[in-house]
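Below is one structure, written out as structure tokens, with a few remarks after it.
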Amino acid sequence: MGMTLAEKILARHADRPATAAGDLLHCRVDRIMATDITAPMSIEVFRRMGAERVHDPDACILINDHFVPAKDIRSADFARAMREFAAEQGIRDYFEVGRSGICHTLIPERGLVGPGEILVGADSHTCTAGALGCFATGVGSTDLAAAWALGEMWFRVPGTIRVEVEGEFRPHVTSKDLIMHLVGRLGVEGARYRAIEFGGPAVAAMPVHARLTLCNMTIEMGAKAGMVPCDAATVEHFSGRDRAVAEGPFPDHDAAYDETLRIDVSLLEPQVAEPFLPSNVRGAGEFRGVKVDQVFIGSCTNGHYEDLAQAAAVLKGRTVAPGVRLIVTPATQEIYLRAVRSGVVADLVEAGAAVTTPTCGACLGGHNGVLGRDEVALTTTNRNFRGRMGDTSSRVYLANPAVAAATAALGHIGLPEDLP
Amino acid sequence: MSAHAPFEGRVWLFGDHVDTDVIIPVRYCVTADRDELGRHAMAGADPDFAGRIARGDFIVAGSNFGCGSSREVAPVALLGAGVGAVVAASFGRIFYRNAINVGLPIFESPEAAVACSQGDLVRAVPEEGLLQNLTSGRAFAFAPYPQQVARIVAAGGLENYVRERLSKRRPR
Ligand code: SF4
């Protein structure tokens, strides 16, 4: 019996010729990532474990992103704890405020994890990097501390759902709509403990940033990993990052899948998820007219340059509706700079957007756009749980950047074609 | 906590898909202090929860408990609030690992999740893989832990487990 991509990568890292779903493996991990919000707890646990040195400083990645720049004394102290740990342990892949970005966008941007590798990160959206053909999964702070200490981690090999995607996206429909559609179809635990492997002509045609968006929200179905095998587009992405990689690994033709789904995106329209679950998904048109107080464009899901450019194209020559705040947060410094140089930032600011420095910020109700009582927001993020972006009475709708931009201009949920 | 001795408490009932933003909203997350986290446990669903539960009480919930973010402060907050165990029809994957790692007892039982009422007295008998509802007189089996998980539980959490492994690596 052949192996899925997840099985293949996990078996290699446990020095096994083969493995199958359900096996328990101790795997070497290639990269270990933590952020300003999770590293401090891991550091405390690491010390209590009696560990002194991390197993391999060059495997470690530490990223300032959640509260950037520090929003209060506590987050400043959290950041300091991580900064001091990086210096003490000689960790070179430490990303300081001003040279950083949201971890799941920064890691692919810098080519920090390669195809066929294993990345564990103390953040649930670590699955994003699976778009590069690696096995990337989110863990908690104690698991992360154990990985620092031992350089390995135990995994139960997940079963895999194969998703075959075909067709061409219509205008203003993106991989965000595809993944929201899938979350709606499978539900918030539809892929629990499992990996999702994407393939088919529509995925082959997808640029890397769109694949990152796709894999990003696999956790919203409870998945352990979302993956796209490394192909020509991925190789090209890495060569732009001065890292030479080859295509593959690929799943075997006779791999055993739990399930295979087929989706034709040419039939897909822009999607919206209503409060309070990311699986509450319907066509965006069904929510036309819902009044919003805030629109947020950013996050590890849709903070790429192309996302910002798409929003700017919709907003160019228009203005944000009275009574609405539009907050735009580029995901990384590099994206920010590119958007400044290309005029995307100017278009957004002219339309009346508040453009912030790269950070998670509003996405998790951290800072830079927290929602007040009963406020309604439409965002390009990935979660709309109760209280996710602020007060427990606030409500969050999820959508793609073009719908978000149109909604900001209209003052209520709508599509780009609704704009006068 | 001993990994094996039976223990009991009252049931606090919650529904499906209780996510980590509900278990501990992010505004309370910038601390690693267990007691402080405990004061805000379940604040997204019931702001008075932490003040009302008795030490050792059980949370009984539906499917996918702990879905959402990887924040390990979620099980830590429940421990800090005095929650004795969580019984759910199923758990979010990362929450499951985190709970085992920090020593919060969790039991998967779809039957128990629908057959317990608020305030019932329940007893967990981990050695026998059993949850007894002392109020209704019913008993439910829960799935045994996979081998590696059982090892971590027996060590009292991943921290102790790794400490033991590290001390074996460098004999003094
Ligand atoms: S942008 Fe939002 S979802 Fe992504 S890592 Fe940051 S807080 Fe998490």
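Here is how names work: the chains are called A, B, and so on, in the same order as the sequence lines, proteins then strands, and each is numbered from 1.
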(message) Give me the atom names and distance for the closest heavy-atom approach of A:G140 to B:I94.
(response) N-CG2, 4.1 Å

(message) Please classify the contact of A:A149 with chain B as side chain, backbone, both or neither, using a heavy-atom distance under 4.5 Å.
(response) both

(message) Within this structure, what is the CD-NE2 distance for the pair A:E189 and B:H17, rounded to the nearest 0.5 Å?
(response) 5.5 Å

(message) Quick check on the interface: out of A:W154, A:F276, A:F67, who has the most heavy-atom pairs with chain B under 4.5 Å?
(response) A:W154

(request) Give a yes or no on whether the backbone of A:V188 and the side-chain of B:N64 come within a donor-acceptor separation of less than 3.5 Å. (result) yes

(message) Minimum heavy-atom separation for B:L166 and A:M49, please, with both atom names.
(response) CD1-O, 3.7 Å

(request) Please state whether the side chain, the backbone, both or neither of B:F95 comes within less than 4.5 Å of a heavy atom of chain A. (result) neither

(request) For each of B:P75, B:G92, B:S90, tally heavy-atom pairs with chain A at distances under 4.5 Å, and name the one with the top tally. (result) B:S90

(message) For the interface with chain B, which of A:L277, A:T126, A:L364, A:L144 has the highest count of heavy-atom pairs at distances below 4.5 Å?
(response) A:L364

(request) Specify the closest pair of heavy atoms between B:F91 and A:R192, including all atoms of both residues, with the distance to one decimal. (result) O-NH1, 2.8 Å

(request) Just give me the residue among A:R388, A:R156, A:H66, A:R386 that pairs up with chain B most often, heavy atom to heavy atom, under 4.5 Å. (result) A:R388

(request) Could you pull out the closest heavy-atom pair between A:F385 and B:C67, with the gap in Å? (result) CZ-SG, 4.4 Å

(request) Supply the atom-to-atom distance B:R27 CZ to A:D391 CG, rounded to the nearest 0.5 angstrom. (result) 7.0 Å

(request) Evaluate the side-chain contact (heavy atoms from CB on, under 4.5 Å) criterion for residues B:S69 and A:R383: first the C-alpha distance (whole Å), next the side-chain angles of each, then the deciding distance (0.1 Å), finally the verdict. (result) CA-CA 9 Å; B:S69 89; A:R383 287 187 177 142; 3.5 Å; yes

(message) Taking side chain as everything from C-beta outward and backbone as N, CA, C, O, which of these in A:F78 sits under 4.5 Å from a heavy atom of chain B? Side chain, backbone, both or neither.
(response) side chain

(request) Determine the option with the most heavy-atom pairs under 4.5 angstrom with chain B, choosing from A:E220, A:H125, A:H26. (result) A:H26

(request) Please state whether the side chain, the backbone, both or neither of A:S141 comes within less than 4.5 Å of a heavy atom of chain B. (result) both

(message) Nearest 0.5 angstrom please: A:N384 CG to B:D19 CG, how far?
(response) 9.5 Å

(request) Check B:G68 against A:S124 and note the closest heavy-atom contact, atom names and distance. (result) O-CB, 3.7 Å

(message) If you define the side chain from C-beta out and look only at heavy atoms, does anything of B:V76 sit under 4.5 Å from A:M41?
(response) yes

(request) Decide yes or no for A:I37 and B:V26: does some side-chain heavy atom of the first lie under 4.5 Å from some side-chain heavy atom of the second? (result) yes

(message) A side-chain contact here means heavy atoms from C-beta on lying under 4.5 Å apart; do A:F155 and B:R97 qualify?
(response) yes

(request) With a 4.5 angstrom heavy-atom cut-off, could you sort out which part of B:I100 is near chain A: side chain, backbone, both or neither? (result) neither

(message) So which residue, A:I219, A:L150, A:D77, ends up with the most heavy-atom pairs under 4.5 Å with chain B?
(response) A:L150

(request) Select, from B:T31, B:V30, B:V102, B:N98, the one with the greatest count of heavy-atom pairs under 4.5 Å involving chain A. (result) B:V30

(message) Any heavy-atom pair between the side chains of B:R93 and A:T137 that's under 4.5 Å?
(response) yes

(message) Can you tell me if B:Q147 has over 12 outside heavy atoms packed within less than 6.0 Å of its CD?
(response) no

(message) Sort by residue number and list every residue of residues 38-63 of chain B having at least one heavy atom under 4.5 Å from chain A.
(response) B:G44, B:S63

